[in-house]
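Proteins get letters first, then strands, A, B, ... in listed order; numbering begins at 1 in each.
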Number of protein chains: 2
Amino acid sequence: MTGKPEGAQQRATAEMVARAAEVSRAAVSRAFNPEAPLKPEKRARILKIAEELSYTPDRAARALVTRRSHLVGVIVPDVCSPWESQEVDALTTALQAEGFATLLFKTRVDSSMDERLLTYMRGFNPDSVIVFAENVRPHMLSRFLDRAVPIYVTYPVERRPAEREDDGRWPGEPDTLFDRIDVDQWEGMEQAVALLAGYGCRRIAYLSGKPVSLGQHARRKTLEALMARRGLPALVVVPGDFSYDKGYAGTLDLFRLEGGADAVFAANDESAFGALDALRYELKLRVPEDVKVIGFDDIAQSHWRSYNLTTVKVDLEARVRALVRLIQRRLKTPDAPAIAETVRTRLVVRGTVG
Amino acid sequence: MTGKPEGAQQRATAEMVARAAEVSRAAVSRAFNPEAPLKPEKRARILKIAEELSYTPDRAARALVTRRSHLVGVIVPDVCSPWESQEVDALTTALQAEGFATLLFKTRVDSSMDERLLTYMRGFNPDSVIVFAENVRPHMLSRFLDRAVPIYVTYPVERRPAEREDDGRWPGEPDTLFDRIDVDQWEGMEQAVALLAGYGCRRIAYLSGKPVSLGQHARRKTLEALMARRGLPALVVVPGDFSYDKGYAGTLDLFRLEGGADAVFAANDESAFGALDALRYELKLRVPEDVKVIGFDDIAQSHWRSYNLTTVKVDLEARVRALVRLIQRRLKTPDAPAIAETVRTRLVVRGTVG
DNA sequence: CGCCTAAATGAAAACGTGTTCACTTTTCCA
DNA sequence: TGGAAAAGTGAACACGTTTTCATTTAGGCG
């Protein structure tokens with residue numbers, strides 16, 4: 001008994017279908033391309049025979065001549081993270097519906113973007129590349145990928161002030177080379193700060209994510225700007241790395257060594273869970289009575305009864321829709337000017353505030 | 001300012017490298033294949049020039065002639081689920097290290113396996129296919145994929161009794177056509193039942209997963225066999241679908257309508273969280289004092305303080321290692337007999353028991 | 001220095017498809 | 001019915017590789 005049993009026929013080829021249908025190979029090719037001119041009854045006959053032989057055009061061969069692989073490279077630091085897996089899930093579904101396939105690659109968010117990974121990925125000829133690693137800056141990508149390949153970097157920005165303060169990390173405006181999806185963090189965070197202020201919170205702590213993440217950096221800047229507007233005291237910044245464990249430990253440090261806070265604003269939901277558990281089980285504080293907690297993302301776990309987290313929701317569906325729309329547009333008109341779409345955020349109020 | 005600026009040169013081709021290095025195209029090809037005969041200094045020169053032109057062999061073209069795409073198709077029902085995302089993550093890392101890329105597809109676990117998806121996927125010529133959808137039976141796959149493509153179905157089985165009782169769903173032993181990774185659920189569940197019995201639990205409920213899942217079905221069978229051995233009363237089966245919400249609702253039903261239980265054994269960790277929250281926050285019962293709870297998988301969230309779940313851990317790393325090992329073996333010797341590797345399970349004791 | 005063997009090399013043939021370009025057939029209108 | 005325009009069709013080329021097969025070059029030994 002072998003893994004490749006006797007009947008292991010090779011895949012059917014267009015040539016074989018052509019022979020069986022007594023037409024030319026070109027006709028077979030045209031049968032699978034709806035726009036190509038071909039007499040309807042002939043197309044039907046060809047497709048029928050193709051079905052019987054279970055023939056499908058070989059995408060590798062097709063890619064060679066059409067310059068379209070229908071592959072979309074997706075670079076993600078950590079598929080395990082609930083937020084990223086949610087994003088990969090939605091994206092894969094959307095791409096699949098449009099005739100693409102997801103080519104998944106992993107990088108480490110704490111390493112600078114691996115040059116080898118980009119070269120490696122390029123070998124597969126993706127039609128497009130989506131980078132969810134927030135530490136990746138476009139100028140890295142431009143060195144290694146063909147300009148013809150549209151690249152999408154999801155880069156969360158603060159909306160106001162329009163000028164970015166810490167621009168050393170985003171030099172020379174190379175971002176206009178790429179289409180971009182921006183997450184407007186202002187709106188949701190404005191609502192969050194308003195809510196906290198309404199409850200009289202003054203001393204607010206920010207439980208940060210990995211320092212290399214541009215997104216969490218923007219989050220902190222936004223928070224500081226919003227608090228300054230309301231005349232609140234300076235933000236207390238607690239180092240973190242997006243993980244539950246760091247959220248837990250950081251919160252312990254905050255309350256044992258740094259004098260605590262009225263509210264903890266976490267860079268993402270997962271670390272907010274860590275903060276919650278530290279407050280409740282280790283520090284014996286009540287949430288929301290003693291301390292308020294707010295997260296960022298609104299992952300599926302946030303509505304679980306044990307956490308029931310108030311959080312700033314990013315419109316993931318809209319983000320994925322925009323992404324796919326931009327890819328299609330770019331592939332259709334490669335020379336169109338680069339554009340940036342913006343995705344909104346809004347506060348979801350649950351049990352950890354009020 | 002356009003998305004495809006003036007300097008948008010096409011990708012370098014072997015032909016261009018050959019011309020620049022004043023050698024033949026064949027030499028360039030050989031330079032990238034370490035086993036191919038080529039004078040060392042010449043290889044070095046070619047590689048240097050290739051580097052300068054940032055040339056990489058086109059994998060689509062290469063696949064056409066070598067019949068190796070270096071693509072591995074992975075079919076997953078739901079990337080969002082913590083367990084599956086953990087598996088995809090580990091697998092992607094391992095495949096990447098071996099020179100493969102993950103081609104990710106999504107199906108719905110509650111649908112019967114979509115035939116269109118398989119045909120669609122086949123068009124990309126994956127070297128191998130890994131199916132994590134537990135409802136997929138091999139005979140579906142054999143109709144749509146070439147026999148030359150090794151397929152891996154992860155199929156959790158009960159170890160003892162060796163004979164499977166409900167074999168209608170796994171007809172005619174077609175499984176020997178494919179390499180297989182089996183999860184031996186017996187060992188870990190034996191430990192779990194022993195622990196529960198030690199605490200005097202007699203009325204045990206099983207919070208099941210989706211009915212179509214062969215894995216959860218095997219889990220129930222194993223549990224029943226283990227309980228029968230110890231002379232425990234019959235298992236109380238609560239319908240579920242692996243989700244938190246169903247775990248929550250199912251547990252409410254169990255205690256309000258079915259008379260409750262001493263212990264709840266959930267088909268996976270996520271639904272165990274639902275059970276826990278229902279017990280604590282809605283039914284006002286104490287865990288583990290009033291009711292014990294045990295999960296299955298040991299996902300990352302299980303050690304979070306709010307849950308701190310006792311659970312049966314599946315050795316994910318071993319499973320992924322075995323998977324990659326089997327793929328390599330099959331690609332090297334396509335005619336080798338099909339084999340099945342077994343992955344162990346063991347109980348991780350945390351706070352929800354004892 | 002000359003022969004024989006082994007290693008290195010390039011020309012050319014695949015691999016399976018899409019597409020151009022002539023060519024043939026059909027359709028439509030006068 | 002004739003002719004022109006339109007539509008349908010097939011042969012051949014291109015896409016970028018790997019690999020076979022002659023051929024050339026280098027190497028070792030007498």
Worksheet item: Do the side chain of A/R30 and the base of D/dG10 come within less than 3.5 angstrom through a donor-acceptor pair of N or O atoms?
Response: yes
Worksheet item: B/N33 side chain: which of C/dC15, C/dG18, D/dT19 is closest?
Response: D/dT19
Worksheet item: Between C/dT17, D/dG10, C/dA11, which one does the side chain of A/V23 approach most closely?
Response: D/dG10
Item to complete: Answer yes or no: does a side-chain N or O of B/N125 lie under 4.0 Å from OP1 or OP2 of C/dG16?
Response: no
Practice prompt. Determine whether more than 12 heavy atoms belonging to other residues, nucleotides or ligands lie under 6.0 Å from atom CD of B/E15.
Written response: yes
Worksheet entry | Residue from B/T102, B/V131, B/T92 passing side-chain contact (heavy atoms from CB on, under 4.5 Å) with B/V74 | B/T102
Fill in: Separation of D/dA14 P from A/R68 CZ (nearest whole Å)
22 Å
Fill in: Between B/N125 and A/R11, a side-chain donor and acceptor under 3.5 Å
yes
Worksheet item: What distance do A/H70 atom NE2 and B/Y120 atom OH have between them, rounded to the nearest 0.5 Å?
Response: 8.0 Å
Discussion item. Nearest whole Å is fine: how far is D/dT24 P from B/K39 NZ?
Written reply: 16 Å
Practice prompt. Tell whether B/R59 reaches the base of D/dG16 with its side chain through a donor-acceptor pair below 3.5 angstrom.
Written response: no
Worksheet item: So what does B/F32 hit on the nucleic acid, given a heavy-atom distance under 4.0 Å: a base, only sugar-phosphate, or nothing?
Response: nothing
Worksheet item: Which one, D/dG10, C/dT9, D/dT17, comes nearest to the side chain of A/A26?
Response: D/dG10
Worksheet item: Does C/dT17 have OP1 or OP2 sitting under 4.0 Å from an N or O in the side chain of A/T13?
Response: yes
Practice prompt. Would you mind reading off the distance between B/E41 atom CD and D/dA26 atom C1', rounded to a whole angstrom?
Written response: 12 Å
Discussion item. Using a heavy-atom cut-off of 4.0 Å across all strands, would you classify B/S29 as base, sugar-phosphate, or nothing?
Written reply: base
Discussion item. Suppose we call a contact any N or O donor and acceptor under 3.5 Å apart; does that hold for the side chain of A/R43 and the base of D/dG8?
Written reply: no
Worksheet item: Considering only D/dT18, C/dG18, C/dT9, which nucleotide approaches the side chain of B/P57 most closely?
Response: D/dT18
Discussion item. Just the rounded figure in Å: distance from C1' of C/dG18 to CD of A/E15.
Written reply: 15 Å
Worksheet item: Please give, in whole Å, the distance from D/dA14 P to A/R67 CZ?
Response: 14 Å
Worksheet, complete the sentence: Winner on side-chain proximity to B/K42, out of C/dT17, C/dG10, D/dT17, is C/dG10
Worksheet, complete the sentence: Rounded to whole Å, CG of B/D58 lies from C1' of C/dC15 at a distance of 13 Å
Discussion item. Over 60° means perpendicular and under 30° means parallel, so tell me whether B/F124 and B/F105 are parallel, tilted or perpendicular.
Written reply: tilted
Practice prompt. Could you state the atom-to-atom distance from CZ of B/R45 to P of C/dT9 in whole Å?
Written response: 9 Å
Discussion item. In this structure, how many angstroms lie between the C1' atom of D/dA14 and the CG atom of A/L64, rounded?
Written reply: 9 Å
